[in-house]
Structure formats: structure tokens, C-alpha cells
Trainee: 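Below: one structure in C-alpha cells.
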Amino acid sequence: LIYDFKDGGGSLDLISLLPDELSQQEKMKFSKIGVQIPSMRDLYSRARLDTYLSRALNVPLQYGRLSPIDERQYVLTLDYTLKMLNIHERYECGIPVIIEGETGVGKTALVGMLSQLWNHSWLSQW
């Protein structure tokens, strides 16, 4: 997945779940075309996850964090961030999504949090 990650200019981040398995040559090729590959440590940082969701969902950050996540005391993990980004992509493309899993794994909480972020994005535009 590649998301626009702008801070004063344009750059791209590649979300790779195995960044350490990329060779230095592969990393250099990506770097030459302006694509950054964050380390696994960076991918687990709350600031990085908030920034990805903020950019993809057009939700403004407040003090570097997504306030709807803090307000609901939602525990944001890399796994849930990737799931929200994937669901959002499909929603934007008009592709139906089916979420399945065992009872109690967080399906409803995930969709509820994503809905809060979508609503916050919409409300912040007014």
C-alpha cells in the first residue's frame, strides 16, 4: 500500500510488513523515486499510524493525534490501521466489504471507529 504522506512537500510511504527483508538495493531504488519505507519500529508508532489514517481519511490531526481515537479510548494497532485503510480504499472504490471473524475479535469496534473517523472528516470540512 502506498499513501500520500505530505509534510510541506510531497513524498510517499510504502507500508511494508517486512521492511527488513528488502535488500539495500531495493530500498535504494525506492528512495531514488521518492518512496520512503518506514522501519517496523516506525510502523508501530502511534504517531505514524495516526498520520496514515489522517491523510487517507482526510481527518485533521490535533496536537499530532487523531482526537476521535483518544475520545473513544480506542487502542490503535498496526493491524487495525491496515484494516481501516483497506476498508476505506474499498469504500472509496465502491467495492463491497465483508468482515468476518470469531465473536469478540473487534469487528464492530473496528467499523465503529472507522465510522467515527469518517464522520469527523465530514464534520471538519464544514
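No experiment lies behind these values; they were computed from the predicted model shown.
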Trainee: Between Pro19 and Ser39, what is the shortest heavy-atom contact and its length?
Mentor: CG-C, 4.1 Å
Trainee: Which atom pair, heavy atoms only, marks the closest approach of Gly112 to Arg72?
Mentor: O-NH1, 3.0 Å
Trainee: Apply side-chain contact (heavy atoms from CB on, under 4.5 Å) to the pair Thr81 and Ile15, showing each step before the final yes or no.
Mentor: CA-CA 11 Å; Thr81 300; Ile15 303 173; over 6 Å; no
Trainee: Taking the side chain from Lys107 and the backbone from Glu102, do they hold a donor-acceptor pair closer than 3.5 Å?
Mentor: yes
Trainee: Report whether Leu18 and Ile37 are members of the same hydrophobic cluster (ILVMFWY, side-chain heavy atoms less than 4.5 Å apart, transitive linking).
Mentor: no
Trainee: Find the distance between NZ (Lys29) and CD (Glu26) and round it off to the nearest 0.5 Å.
Mentor: 7.0 Å
Trainee: Quick one: do Leu82 and Val105 end up in the same hydrophobic cluster if we chain Ile, Leu, Val, Met, Phe, Trp and Tyr together by side-chain heavy atoms under 4.5 Å apart?
Mentor: no
Trainee: Please say whether the positively charged group of Lys83, taken as NZ for Lys or CZ for Arg, lies over the ring of Tyr80, i.e. under 6.0 angstrom from the six-membered ring centre and within 45 degrees of the axis.
Mentor: yes
Trainee: Between atom CD1 of Ile87 and atom CD1 of Ile95, what is the distance when rounded to the nearest 0.5 Å?
Mentor: 13.0 Å
Trainee: To the nearest 0.5 Å, tell me how far Asp20 CG sits from Met40 CE.
Mentor: 7.5 Å
Trainee: What is the minimum heavy-atom distance between His120 and Pro60, and which atoms define it?
Mentor: CD2-CD, 4.4 Å
Trainee: Hey, are the side chains of Leu78 and Leu17 touching, using non-hydrogen atoms and a 4.5 Å cut-off?
Mentor: yes
Trainee: Kindly give the heavy-atom pair with the smallest separation between Arg48 and Leu43, and that separation in Å.
Mentor: CG-CA, 4.4 Å
Trainee: Step by step, would you call Met113 with Gln116 a side-chain contact (heavy atoms from CB on, under 4.5 Å)?
Mentor: CA-CA 5 Å; Met113 187 70 253; Gln116 282 287 122; 3.7 Å; yes
Trainee: Could you see if Val97 belongs to whatever hydrophobic cluster contains Leu85? Use Ile, Leu, Val, Met, Phe, Trp, Tyr and a side-chain cutoff under 4.5 Å.
Mentor: yes
Trainee: Give, for atom CG of Leu76 and atom CE of Met84, the distance between the pair rounded to the nearest 0.5 Å.
Mentor: 5.0 Å
Trainee: Nearest 0.5 Å, what's the CZ-CZ distance between Arg65 and Arg46?
Mentor: 4.0 Å
Trainee: For Leu53, run the side chain to side chain contact (heavy atoms under 4.5 Å, CB included) check against Leu61, Ile69, Val59, Leu114 and tell me which one passes.
Mentor: Ile69
Trainee: Measure the spacing between OG of Ser54 and CG of Leu49 and express it to the nearest 0.5 Å.
Mentor: 12.0 Å
Trainee: Please enumerate all residues that pass salt bridge (charged side-chain N to carboxylate O under 4.0 Å, His left out) together with Arg90, with sequence neighbours excluded.
Mentor: none
Trainee: I'd like to know if the side chain of His88 reaches the main chain of Ala56, judged simply by a donor and an acceptor atom lying under 3.5 Å from each other, with no hydrogens or angles considered.
Mentor: yes
Trainee: For residues Tyr52 and Pro38, determine if any side-chain heavy atom of one lies less than 4.5 Å from a side-chain heavy atom of the other.
Mentor: yes
